[in-house]
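A short write-up of the structure that comes next.
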Amino acid sequence: MKDKLTIIKDKAIEEINSIDSLDTLEKIRVDVLGKKGELTLVLREMGKLSKEERPVMGKLANEVREAIEAEMAEKKEALSKLLRDEKLKSEIIDISLEKNDIQLGHFHPLIKTLEELEDLFVSMGFKVLTGPEIETVANNFDALNSPDNHPSRDMSDTFYIDEETVLRTHTSPVQIRAMKEYGAPLKMVSAGRTFRFDDVDDTHSPMFHQIEGLVVDEKISMANLLGTLETFIKEFFGSDMQTRYRPHHFPFTEPSAEVDVTCHHCHGKGCPACNNTGWSMELLGCGMVHPKVLENCGIDSEKYTGFAFGMGIDRIAMVKYGINNIRLLFENDNRFLNQF
Ligand code: FA5
């Protein structure tokens, strides 16, 4: 038995020293010290020994177990340290490396302007509505009191999809949809894309954006229109912004006006950008809603009056940010966009 114990010990220690994984170490533990392990089996034979031999062999067996366990503990500690070191090495972060230059996205200046405009009008009590970009001729022209021979209906001004459908040329058809759906009183804005067969130049694009405003109630007057636009312009551009109202004609408003603001380049002094007028390009059209338009939408024009306006968002962004060419808003050149 003594020889068997010595052999078990030497073999186990040799095996322990030759391995390099914790799994194999566990296997050796089970094979040697487990319930059916080599050492356990030998110990079961103790009963066959004489009274004198038993304590001697018992002591030796304990020493063998302790020696194997000590060797295992040492190996376990060494292997764990090795694994830990390897893991640390593989997960090392080199803080001297240059960081990846991740470009964070941001809102396009047009969207920023559109949302700022909506927020401002919401703070003034307007509700925000939407309308489709593909619109009926009925909503885009007829209900807006546009005569059959109005030049804006021409194929050379409007993108027709078929005889009754167009890409909306302005956001004013949303007025019609809103009045038909909600009736009076009403206070709404609606922003979005609009399309015209316009030539491209510094201030014109065939696709551009408008924000429409409409207020219908009893006793609404031109004074309410001017008050609203003045409040909006001072809030949006700053209190030193001046406005100029020029009489104009729209089929859907009477009286009507177009509005310019102080030139964003020279602040009114006169410069080449404003042809020495001191005024920016035309920003918006507005007026008192034509009674026929109210009636077309089922609103009693004896009881209710209204004002409406339609602003070019692209041009508002141009004035706000000092952009002198509308094309820059659509070219998606990062050198331009990164400035916002
Ligand atoms: C209209 O579109 C009217 N529906 C506005 C309106 C609404 C008047 C409600 C009265 C009541 P106008 O065609 O002037 O009006 O266009 C309004 C604004 O859109 C212009 O002042 C300008 O800022 C912008 N705009 C017009 N055409 C273009 C274009 N091709 N490119 C960029 N902006 C444009």
Side-chain angles (χ1 to χ4, degrees), residues 110-111 114 117-118 121 126-200 204-217 220 225 248-256 258 282 284-301 303-315 330:
L110 260 177
I111 298 299
L114 189 153
L117 290 170
E118 280 184 349
F121 282 113
F126 287 74
K127 71 170 154 194
V128 176
L129 301 179
T130 53
E133 291 170 6
I134 297 174
E135 191 43 286
T136 59
V137 168
N139 283 340
N140 195 82
F141 295 121
D142 301 344
L144 284 164
N145 196 36
S146 165
D148 286 345
N149 60 354
H150 196 274
S152 63
R153 290 186 183 249
D154 205 279
M155 294 264 285
S156 60
D157 276 301
T158 298
F159 294 104
Y160 278 82
I161 289 173
D162 57 38
E163 276 188 13
E164 272 136 38
T165 328
V166 293
L167 291 183
R168 65 177 178 188
T169 57
H170 49 177
T171 41
S172 298
V174 189
Q175 283 185 35
I176 302 299
R177 289 174 175 272
M179 284 191 277
K180 282 189 172 165
E181 185 164 351
Y182 301 106
L186 185 62
K187 196 170 178 187
M188 53 123 321
V189 288
S190 181
R193 287 197 192 102
T194 46
F195 309 84
R196 284 184 202 176
F197 229 114
D198 275 342
D199 285 333
V200 182
H204 290 85
S205 160
M207 191 281 290
F208 58 102
H209 301 74
Q210 286 189 342
I211 182 162
E212 190 80 12
L214 171 71
V215 176
V216 181
D217 208 337
I220 292 291
L225 168 62
H248 193 69
H249 171 77
F250 294 108
F252 33 92
T253 45
E254 180 59 34
S256 309
E258 281 186 334
E282 165 213 325
L284 65 102
C286 61
M288 296 304 294
V289 181
H290 198 293
K292 275 195 188 160
V293 175
L294 294 174
E295 296 292 341
N296 286 344
C297 300
I299 292 176
D300 181 357
S301 64
K303 184 172 178 199
Y304 291 103
T305 49
F307 71 75
F309 54 83
M311 310 179 178
I313 299 179
D314 320 74
R315 293 191 186 173
F330 302 112

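Computed from a predicted structure; not experimentally measured. Numbering starts at 1 and runs along the sequence shown.
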Is a side-chain donor or acceptor of D162 paired with a backbone partner of T165 at a separation under 3.5 angstrom?
yes
Kindly write out the residues that satisfy side-chain contact (heavy atoms from CB on, under 4.5 Å) with T194, not counting sequence neighbours, or none if the list is empty.
R168, T171, F208, Q210
H290 NE2 to N145 CG distance, which is reported to the nearest 0.5 Å
5.0 Å
Tell me if a side-chain donor or acceptor on T158 pairs with a main-chain N or O of Y160 at a distance below 3.5 Å.
no
Should we count CG of D199 as having more than 12 external heavy atoms under 6.0 Å?
no
Return the CE to CG distance between M288 and L225, rounded to the nearest 0.5 Å.
7.0 Å
Pair E254 + K292: basic N to acidic O under 4.0 Å
no
Regarding N140 and T169, do their side chains bring together a donor and an acceptor under 3.5 Å, going by distance alone?
yes
Is the F126 ring parallel, tilted or perpendicular to the F309 ring (thresholds 30°, 60°)?
perpendicular
Flag yes if more than 12 heavy atoms outside I134 fall under 6.0 Å of its CD1 atom; otherwise flag no.
no
Candidate pair I176 and N296, rule side chain to side chain contact (heavy atoms under 4.5 Å, CB included), full reasoning:
CA-CA 8 Å; I176 302 299; N296 286 344; 5.7 Å; no
Hey, mind stepping through Y304 and D217 against side chain to side chain contact (heavy atoms under 4.5 Å, CB included) and telling me if it holds?
CA-CA 5 Å; Y304 291 103; D217 208 337; 4.2 Å; yes
Side chain to side chain contact (heavy atoms under 4.5 Å, CB included) for F197 and D154? Distances and angles first, verdict last.
CA-CA 10 Å; F197 229 114; D154 205 279; over 6 Å; no
Could you go through the side chain to side chain contact (heavy atoms under 4.5 Å, CB included) check for F330 and M207 one step at a time?
CA-CA 9 Å; F330 302 112; M207 191 281 290; 3.8 Å; yes
OG1/T136 to CG/D142 distance, rounded to the nearest 0.5 angstrom?
8.0 Å
Between F250 and H170, does the ring centroid distance fall short of 6.0 Å?
no
Please check if any side-chain donor atom of E212 sits under 3.5 Å from a side-chain acceptor atom of S172, or the reverse.
yes
Separation of I313 CD1 from L114 CG (nearest 0.5 Å):
4.0 Å
Reference residue L284; test side-chain contact (heavy atoms from CB on, under 4.5 Å); the match among R315, E258, M311
M311
To the nearest 0.5 Å, atom CG of L129 lies from atom CD of Q175 at 11.5 Å
Here the gap from I161 atom CD1 to E135 atom CD, rounded to the nearest 0.5 Å, amounts to 10.5 Å
